[in-house]
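Okay, so here's the structure we're looking at.
In what follows, chains carry the letters A, B, and so on, assigned in the order in which the sequence lines appear, proteins first and then strands, with residues in each chain numbered from 1. Here the structure is a predicted model, which means the values were calculated and not measured.
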There are 2 protein chains.
Amino acid sequence: MKDEYTIGQLAKNSGVTVETVRFYVQKGLIKQPTPKSGYRKYSFDDIIKIKFIKRAQYLGFTLNEAKELLELRVNNRARCGQVKVKAEQKLDEVEKRIKDLNIMKRSLKKMINSCSNDEKFVTECPILECFEKDKRC
Amino acid sequence: MKDEYTIGQLAKNSGVTVETVRFYVQKGLIKQPTPKSGYRKYSFDDIIKIKFIKRAQYLGFTLNEAKELLELRVNNRARCGQVKVKAEQKLDEVEKRIKDLNIMKRSLKKMINSCSNDEKFVTECPILECFEKDKRC
DNA sequence: ATAAACCCTGTAGTACACTACAGAGTAAAG
DNA sequence: CTTTACTCTGTAGTGTACTACAGGGTTTAT
């Protein structure tokens, strides 16, 4: 577990491209290391950081939100409660989206089932009505 | 329920801005009406369409996907079978999206629960560890 | 009749999250 | 020692979904 990664090694180890690393550096998510030789050397912690960012994005956080979380992580005066509040906000968003998608799913299923006769015209298909009228199909 | 809306009235009635309507027209989601007088007049169906688009977007579909769905709706020469195929594709997408969101939901919930003491410092907060270690907390 | 409010076309700018070079320098392998 | 692979800085382009004008014309209310 060395601590001297070129940008390419960092990229490879954290599962992103070199360009993405540069992008994160530019956005201030990763600190730009000062080059001792010709190339800049990144640390193992930078791998951790990028994986953190990727996971945060997967969990529905934006890059800026990921940056905020990283700053909380780095700033150890921050309290657990602050992180919790952010997570709870995201949970609300996620739950709302799931609810709506389930409505959509039911609508689509109902349409597929009602669409037994392939020769029927679209106007007789119920899905788009469900969509339009905002009703619980 | 008149059928002669100026762009401003259309925008107001469908809950978007005038610029957004123009954007949808430009993108081909709304048909550009030919002006009888000086101003173009939109129909009640355009209100329905914009609400349809907004609902589709809210449910996680892109503008292009919304356009596809609208095209199915509008083209009544399309047969039920064609719509069915698209609906089945969308259903797969919706189910995948729900699955991913449920994973997110579970992760976020476990994170929140593990963060019982708000006064703990971030370094002691398990939320960020969950993030970092890529484990199913 | 005139002023405010609205509409027209067209172009440019914004935010997000990258992605793709160009042109030059550096490091490592054979 | 030369070739290949990698790195550097910097700028520009992509796609999505708007948002903001500029510089006109039109409608409506008073």
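Atom OG1 of Thr62(B) sits about 3.5 Å away from atom CD of Glu65(B), to the nearest 0.5 Å.
Nucleic acid contact for Lys54(B): sugar-phosphate only, since backbone atoms but no base atoms lie under 4.0 Å from a heavy atom of the residue. The residue Lys36(A) sits apart from the nucleic acid: no heavy atom pair falls under 4.0 Å.
Contact detail for Val18(A) and Gly8(A): the closest heavy-atom pair is CG2-CA, 3.8 Å. Closest approach of Asp3(A) to Phe44(A), counting heavy atoms only: OD1-N, 2.8 Å.
Following chains of ILVMFWY side-chain contacts shorter than 4.5 Å, one cannot reach Tyr5(A) starting from Tyr39(A), and the two form parts of different hydrophobic clusters. Leu69(A) is not connected to Val85(A) by any chain of hydrophobic side-chain contacts under 4.5 Å among Ile, Leu, Val, Met, Phe, Trp and Tyr, and they are in different clusters.
A straight line from CD1 of Ile7(B) to P of dT27(D) spans 15 Å, rounded to a whole angstrom. In this entry the distance linking CD of Glu65(A) with C1' of dA15(C) reads 14 Å, nearest Å. Atom CD1 of Ile50(A) is separated from atom P of dA17(C) by 15 Å (rounded to the nearest Å). For the pair Gln9(A) CD and dA5(D) P, the computed distance is 16 Å after rounding to whole Å. Separating the CG atom of Leu10(B) from the P atom of dC8(C) is a distance of 10 Å, rounded to the nearest angstrom. If you measure from atom CG of Asn64(B) to atom C1' of dC18(D), you get 14 Å, rounded to the nearest angstrom.
Lys36(B) has its side chain within reach of Glu4(B): a pair of non-hydrogen atoms, C-beta onward, lies under 4.5 Å apart. Side-chain contact between Glu88(B) and Asp92(B) is absent, with no heavy-atom pair separated by less than 4.5 Å. Here the side chains of Ile7(A) and Arg40(A) are not in contact, with every heavy-atom distance at 4.5 Å or above.
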Let me have the donor-acceptor pairs involving side chains of residues 19-34 of chain A, under 3.5 Å, with sequence neighbours excluded, atom names and distances please.
| residue | atom | partner | partner atom | Å |
| --- | --- | --- | --- | --- |
| Thr20(A) | OG1 | Thr17(A) | OG1 | 3.0 |
| Tyr24(A) | OH | Lys54(A) | NZ | 3.1 |

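Looking at which nucleotide of DNA chain D each of Gln32(A) and Ile53(B) is closest to, the 5′-most match is held by Gln32(A).
Here dT7(D) is the nucleotide among dA17(D), dT7(D), dA17(C) with the atom lying nearest to any side-chain atom of Val18(A). Considering only side-chain atoms of Arg40(B), the nucleotide from dA17(D), dC18(C), dC8(C) that sits closest is dC8(C). In this structure, the nucleotide among dT19(D), dC18(C), dC18(D) sitting nearest to the side chain of Thr17(B) is dT19(D).
Contact check of residues 19-27 of chain B against DNA chain D (heavy atom, cut-off under 4.0 Å) returns Glu19(B), Thr20(B), Phe23(B), Tyr24(B).
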Pairs under 3.5 angstrom, nitrogen or oxygen only, protein versus nucleotides 26-30 of chain C, please.
| residue | atom | partner | partner atom | Å |
| --- | --- | --- | --- | --- |
| dT26(C) | O2 | Tyr39(A) | OH | 2.7 |
| dA27(C) | OP1 | Ser37(A) | OG | 3.4 |
| dA27(C) | OP1 | Gly38(A) | N | 2.9 |

